[in-house]
Amino acid sequence: MRGVNADTQRAPRLTGLAVPGGILAAVAGAFAYVGTVDPNQPGHYPVCPLYRITGLYCPGCGGLRSAHAFVHGDFLAALQDNAMGVVGYLGFAVLWTVWVVRTVRGRPLKLGLGPVHLWTAGTLLLVFTVVRNLPFGGWLHP
């Protein structure tokens with residue numbers, strides 16, 4: 001009887017892994033595509049509309065080149081192309097891992113992000129965007 005109860009408790013935990021597994025598959029597929037189709041070659045991807053119109057780099061500019069370099073293990077080039085993108089990749093990996101571990105243990109994922117966290121993230125992204133468009137921020141250009 002003990003094994004039956006453990007199996008019935010384990011089943012919801014394993015089915016709870018379907019969503020994180022699906023998200024991982026989608027992200028891995030996107031990285032595989034960008035790793036295969038080189039964004040450094042013209043014509044494969046559209047140009048950033050903000051950059052095309054204004055010549056200014058948005059926070060996402062260089063993100064595809066960064067992902068391509070990251071997939072190929074060139075982490076310095078990935079940081080050069082979009083440092084915030086690399087932070088995002090690593091942040092996703094940590095968050096996804098915590099999500100899976102908590103799901104396996106039967107606990108819900110609790111982010112607990114308050115306004116202070118969101119304002120801090122927004123401010124960091126804004127500072128990154130402004131600095132990469134100033135003359136002394138040329139090292140952040142993609």
Side-chain angles (χ1 to χ4, degrees), residues 2-134 136-142:
R2 189 174 212 176
V4 172
N5 191 19
D7 288 341
T8 58
Q9 288 179 348
R10 193 173 302 135
R13 292 181 188 170
L14 293 178
T15 57
L17 292 175
V19 174
I23 289 175
L24 180 63
V27 170
F31 269 86
Y33 181 80
V34 172
T36 304
V37 181
D38 190 357
N40 295 304
Q41 301 298 320
H44 291 293
Y45 300 97
V47 176
C48 172
L50 181 68
Y51 182 75
R52 176 174 274 176
I53 294 169
T54 66
L56 296 173
Y57 298 110
C58 76
C61 280
L64 290 173
R65 288 186 294 262
S66 174
H68 181 80
F70 195 85
V71 166
H72 290 277
D74 191 354
F75 303 119
L76 290 177
L79 282 168
Q80 171 66 38
D81 288 330
N82 193 319
M84 291 300 282
V86 174
V87 169
Y89 312 150
L90 298 175
F92 171 80
V94 168
L95 181 62
W96 185 87
T97 302
V98 168
W99 186 12
V100 168
V101 168
R102 290 187 67 84
T103 299
V104 167
R105 292 182 177 170
R107 297 181 186 158
L109 178 65
K110 297 178 188 175
L111 292 180
L113 294 176
V116 172
H117 298 104
L118 298 175
W119 278 102
T120 301
T123 301
L124 288 173
L125 204 57
L126 180 64
V127 168
F128 170 73
T129 304
V130 170
V131 169
R132 78 187 313 205
N133 284 291
L134 293 174
F136 64 85
W139 57 279
L140 290 172
H141 291 177

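Sequential numbering from 1 along the given sequence is applied to the chain's residues.
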Hey, could you give me each pair passing ring pair (Phe, Tyr, Trp, His ring centres under 6.0 Å) that has a residue in residues 21-41? Not counting sequence neighbours.
-> F31-Y89
Any side-chain heavy atom of W99 sitting closer than 4.5 Å to one from L95?
-> no
Report yes or no: does T54 contribute a side-chain atom to a donor-acceptor pair with the main-chain N or O of L50 at less than 3.5 Å?
-> yes
Under the 3.5 angstrom rule, does the side chain of N133 hit a backbone N or O of Y57 as a donor-acceptor pair?
-> yes
Could you grab the distance from atom CZ of R65 to atom CG of N40, nearest 0.5 Å is fine?
-> 6.5 Å
Is there a side-chain contact between P20 and W96 (heavy atoms, below 4.5 Å)?
-> yes
Got a sec: does the CG of L76 have more than 12 other heavy atoms crowding it under 6.0 Å?
-> no
Point-to-point distance, once rounded to the nearest 0.5 Å, from CG of L79 to OG of S66 | 7.0 Å
With side chains defined as the heavy atoms from C-beta onward, is the minimum distance between F70 and V86 less than 4.5 Å?
-> yes
Taking every non-hydrogen atom, the tightest pair across L125 and M84 | CD1-CE, 3.9 Å
Euclidean distance, H44 NE2 relative to L64 CG, rounded to 0.5 Å = 12.0 Å
Donor-acceptor contact below 3.5 Å, side chain Q80 vs main chain H141 | yes
CG-OG1 distance between L134 and T129, expressed to the nearest 0.5 angstrom | 11.0 Å
Pairs meeting criterion ring pair (Phe, Tyr, Trp, His ring centres under 6.0 Å) with involvement of residues 109-128, two or more places apart | none
Heavy-atom closest contact (A69 atom, A77 atom, distance) | CB-CB, 3.9 Å
Taking only residues two or more places apart in sequence, or in another chain, which ones meet D74 in a side chain to side chain donor-acceptor pair (under 3.5 Å)?
-> none
So, do L109 and T103 sit near enough that their side-chain heavy atoms are less than 4.5 Å apart?
-> no
Say you draw a straight line from CG of L56 to SG of C48; how long is it, rounded to the nearest 0.5 Å?
-> 9.5 Å
Got R132 and N82 here, is their nearest side-chain heavy-atom distance under 4.5 Å?
-> yes
